Enquirer: 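For reference, the structure I am asking about is given below.
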Protein chains: 2
Amino acid sequence: MGCNTHTRTFKNAVYDHLATVGKALSSSTRLEILEVLAQAPRTVDSIAAEVDQSVANTSQHLQKLKKARLVTGRRDGLYVIYSLSGEDVVELLDKLNRVADEHIKELEELATEFFGERDGLEAVDHHTLLERIKDGTAVLIDVRPEEEYDAGHLPGALSIPVDELEAHIESLPTDRTIVAYCRGPYCAWSAEAVNQLRARGYDARRADVSAPFWKAGDQT
Amino acid sequence: MGCNTHTRTFKNAVYDHLATVGKALSSSTRLEILEVLAQAPRTVDSIAAEVDQSVANTSQHLQKLKKARLVTGRRDGLYVIYSLSGEDVVELLDKLNRVADEHIKELEELATEFFGERDGLEAVDHHTLLERIKDGTAVLIDVRPEEEYDAGHLPGALSIPVDELEAHIESLPTDRTIVAYCRGPYCAWSAEAVNQLRARGYDARRADVSAPFWKAGDQT
DNA sequence: TATTTATTCAACCAATCACTTGACTACTTG
DNA sequence: CAAGTAGTCAAGTGATTGGTTGAATAAATA
């Protein structure tokens, strides 16, 4: 209380600005755009295709994200290339994911329903993953599109996009565990990769790791 | 590409759930409610008064926050007491604050405009703060209402709510720096406390620390 | 049981939202 | 300069939002 009368308008202005960021995170389409941008910078056209929306609509969403300062766009000739405006945005998205994951039980239900029994493709956590790669008992594969791998990947990972897995499957060692990861905890590609690998007799697992989030500090 | 057709509906469901959390953060009133709850659990009535909204409206906002699983309410006799549903929610709010603070330049402008020259009341960062308290060159005061102090405070802090500062000012040592903190980086109370203290000849500073966020890990 | 206090629910309104369509601007290449 | 491609802008539509008001519950107390 006390200084409320003085404070009001300043406080409101502050919360309005914070809400601008909140609003940016309030549309599923925008969250999808953000996750795409968390993998690698992209042009408007390509984002639109990725999230299955019209270019105009995508552009408008990008304007909103820009207003909230979560993304920046730079012109490169014919194209405008958007990217997240900082590491901390990845961290924010990561937190949002984790909070939702922790508290919204429907998400877990969805996941087990979609991935089958989640322990059917037992995920491997971050720390044991690193150890297993070091001591050579596991091979880590990044099943995202090549450009996303090129923009940054877990150390020691091989790039094998899902749709090329079939072709490269022979080159993988049969005497080690294959651990696959993709964009995030709900990205289906790693699950698909694991299924393909298992069908061929490999010992395969999903990594319990969000692709761009190795930058975002520790995985608890 | 590839598995989009299969993926679509699952992906949409996931992003819809994430957006539920985003939506919860998209209204300035709700963010204010969350910050209040980050200090201490509270009844609907008292939240409504604190954020200056009708009880009905506040209740509806709380329902939305509950649906997003950011808060929980438990009945205690006549009252329903709401609180944040976990530490991680505090961390999420903290990230939101930091991202906004980092990228939205208008926020800094607002702050300097309101707090006067920000370095006029030079904030003290987390680490030097801890050192100064340990070696006894500084006294830390928590200027939030007593209940919020009671619900949790920085170790070693004294509780002196702003509106009682005048009365207790004599009891503070004149030979040490007084460092004040309150709810968050935009909470005006600590600034006001500093002004009062300086007017009486004290060496006073604001702490660059968000009250409940000592739980939320390190201050970078 | 009737009354009081705290909270929620339901109905409503103006404002905002996500998305569409179609026109407009920016840049590159022929 | 004309033609083509990438992106933005403007106007419009139905759905959702934040807020209001007043009635309906829920629990404590008289």
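So you know, we letter chains A, B, ... as the sequences are listed, proteins then strands, and number each from 1. None of the values given here were measured: they were computed from a predicted structure.
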Enquirer: Looking at every non-hydrogen atom in both residues, tell me the closest pair between B/Y82 and B/L37 and how far apart they are.
Expert: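 Between these two residues, the closest heavy atoms are O-CD2, 3.4 Å.
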
Enquirer: For A/T58, report the nucleic acid contact type (base, sugar-phosphate, nothing); a contact means any heavy atom under 4.0 Å.
Expert: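 Answer is nothing: A/T58 stays at 4.0 Å or more from every strand.
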
Enquirer: Can you tell me if the side-chain N/O atoms of B/T29 get under 4.0 Å from OP1 or OP2 in D/dG19?
Expert: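 Answer yes for this pair, as a side-chain N or O of B/T29 is under 4.0 Å from OP1 or OP2.
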
Enquirer: Are A/S54 and C/dT20 close enough that a side-chain N or O sits under 4.0 Å from OP1 or OP2?
Expert: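 Checking C/dT20 against A/S54, a side-chain N or O does come within under 4.0 Å of OP1 or OP2.
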
Enquirer: Which listed nucleotide (D/dT20, D/dG7, D/dG18) is nearest to the side chain of B/Q53?
Expert: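 Ranking D/dT20, D/dG7, D/dG18 by closest atom to the B/Q53 side chain puts D/dT20 first.
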
Enquirer: Once hydrogens and angles are ignored, does a donor-acceptor distance under 3.5 Å link the base of C/dA10 to the side chain of B/Q60?
Expert: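 Yes, a donor-acceptor pair under 3.5 Å.
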
Enquirer: Counting side-chain heavy atoms from CB outward, which of D/dG18, D/dT21, C/dC17 is closest to B/S27?
Expert: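 Selected nucleotide (nearest to the side chain): D/dG18.
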
Enquirer: May I ask you to verify if any side-chain N or O of B/N57 is less than 4.0 angstrom from the OP1 or OP2 atom of D/dG19?
Expert: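 Indeed, a polar side-chain atom of B/N57 lies that close.
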
Enquirer: Looking only at side-chain atoms of B/A56, point me to the closest of C/dA18, D/dT8, C/dT8.
Expert: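 Among C/dA18, D/dT8, C/dT8, the one nearest the side chain of B/A56 is C/dT8.
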
Enquirer: Nearest-Å distance, NZ (B/K64) to P (C/dC9)?
Expert: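 The distance from NZ of B/K64 to P of C/dC9 comes to 14 Å, rounded to the nearest Å.
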
Enquirer: Looking only at heavy atoms, which two atoms of A/Y149 and A/A157 are closest? And how far apart?
Expert: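 Nearest pair, atom of A/Y149 first, then A/A157: OH-O, 2.8 Å.
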
Enquirer: Determine whether A/E148 and A/R42 satisfy the following criterion, salt bridge (charged side-chain N to carboxylate O under 4.0 Å, His left out), listing intermediate values before the conclusion.
Expert: CA-CA 10 Å; A/E148 300 183 8; A/R42 272 178 179 270; 3.3 Å; yes

Enquirer: Atom NZ of A/K67 and atom C1' of C/dA18: how far apart are they, to the nearest Å?
Expert: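 These atoms are roughly 15 Å apart.
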
Enquirer: So what does B/K66 touch, heavy atoms closer than 4.0 Å: a base, only the sugar-phosphate, or nothing?
Expert: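 No contact.
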
Enquirer: Could you please name the option among D/dT8, C/dA18, D/dA28 that lies closest to any side-chain atom of B/L78?
Expert: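 So the side chain of B/L78 is nearest to D/dA28.
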
Enquirer: Is a side-chain donor or acceptor of A/R75 paired with a backbone partner of A/G77 at a separation under 3.5 angstrom?
Expert: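 It does hold such a pair.
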
Enquirer: Checking all strands, does B/T43 fall into the base, sugar-phosphate, or nothing category for heavy-atom contacts under 4.0 angstrom?
Expert: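 Here B/T43 touches the backbone only, sparing every base.
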
Enquirer: Using atom CZ of A/R75 as one end and atom P of C/dA26 as the other, report the distance to the nearest whole Å.
Expert: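 Nearest whole value for this atom pair: 9 Å.
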
Enquirer: Under 4.0 Å, heavy atoms only, any strand: does A/V44 hit a base, just the sugar-phosphate, or nothing?
Expert: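 The residue A/V44 makes sugar-phosphate contact but no base contact.
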
Enquirer: To the nearest Å, give me how far apart CG (A/L65) and P (D/dT8) are.
Expert: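 Going from CG in A/L65 over to P in D/dT8 covers 12 Å.
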
Enquirer: Counting the atoms with a prime plus P, OP1 and OP2 as sugar-phosphate, which does A/V80 contact under 4.0 Å by heavy atoms, base, sugar-phosphate, or nothing?
Expert: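 Result for A/V80 = sugar-phosphate.
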
Enquirer: Just how far, in rounded Å, is P of C/dC27 from CD1 of A/I81?
Expert: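 Checked: the CD1 to P distance equals 14 Å.
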
Enquirer: Check whether any side-chain N or O of A/H61 sits under 4.0 Å from OP1 or OP2 of C/dC17, and answer yes or no.
Expert: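 Result: no.
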
Enquirer: Is there side-chain contact between B/K105 and A/R69, with heavy atoms separated by less than 4.5 Å?
Expert: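 Side chain of B/K105 against side chain of A/R69, heavy atoms only: contact under 4.5 Å found.
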
Enquirer: When you measure from the side-chain N and O atoms of A/R30 to the phosphate of C/dA18, is any distance below 4.0 Å, counting only OP1 and OP2?
Expert: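 Yes, because at least one side-chain N or O of A/R30 sits under 4.0 Å from OP1 or OP2 of C/dA18.
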
Enquirer: Taking atom P of D/dG18 as reference, at what distance in whole Å does atom CG of B/L31 sit?
Expert: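 From B/L31 CG to D/dG18 P: 11 Å.
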
Enquirer: Ignoring backbone atoms, establish whether A/Y79 has a side-chain N or O less than 4.0 Å from OP1 or OP2 of D/dT8.
Expert: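 A/Y79 to D/dT8 OP1/OP2: no side-chain N or O under 4.0 Å.
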
Enquirer: Can you check the B/I47 CD1 to C/dT8 P distance for me, whole Å?
Expert: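 Rounding to the nearest Å, CD1 of B/I47 and P of C/dT8 are 9 Å apart.
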
Enquirer: Considering only C/dT8, C/dC19, D/dG18, which nucleotide approaches the side chain of B/Q63 most closely?
Expert: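 The nucleotide sitting nearest to the side chain is C/dT8.
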
Enquirer: For A/K23, report the nucleic acid contact type (base, sugar-phosphate, nothing); a contact means any heavy atom under 4.0 Å.
Expert: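 Sugar-phosphate, backbone atoms only, no base.
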
Enquirer: Are OP1 or OP2 of C/dT7 and a side-chain N or O of B/S59 less than 4.0 angstrom apart?
Expert: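 So the side-chain polar atoms of B/S59 never come under 4.0 Å of the phosphate oxygens OP1 or OP2 of C/dT7.
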
Enquirer: Any base atoms under 4.0 Å from A/D45, or only sugar-phosphate, or nothing? Heavy atoms, all strands.
Expert: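 Since only primed, P, OP1 and OP2 atoms lie under 4.0 Å of A/D45, the category is sugar-phosphate.
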
Enquirer: Keeping A/Y186 on the side-chain end and A/L107 on the backbone end, is there a donor-acceptor pair under 3.5 Å?
Expert: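 No, the answer is negative, given that no donor and acceptor are paired below the 3.5 Å cut-off.
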
Enquirer: Rounded to the Å, how far apart are B/D76 CG and D/dA26 C1'?
Expert: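 The distance from CG of B/D76 to C1' of D/dA26 comes to 14 Å, rounded to the nearest Å.
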
Enquirer: Please lay out, stage by stage, how B/I81 and B/V44 fare under the test side-chain contact (heavy atoms from CB on, under 4.5 Å).
Expert: CA-CA 7 Å; B/I81 292 160; B/V44 179; over 6 Å; no

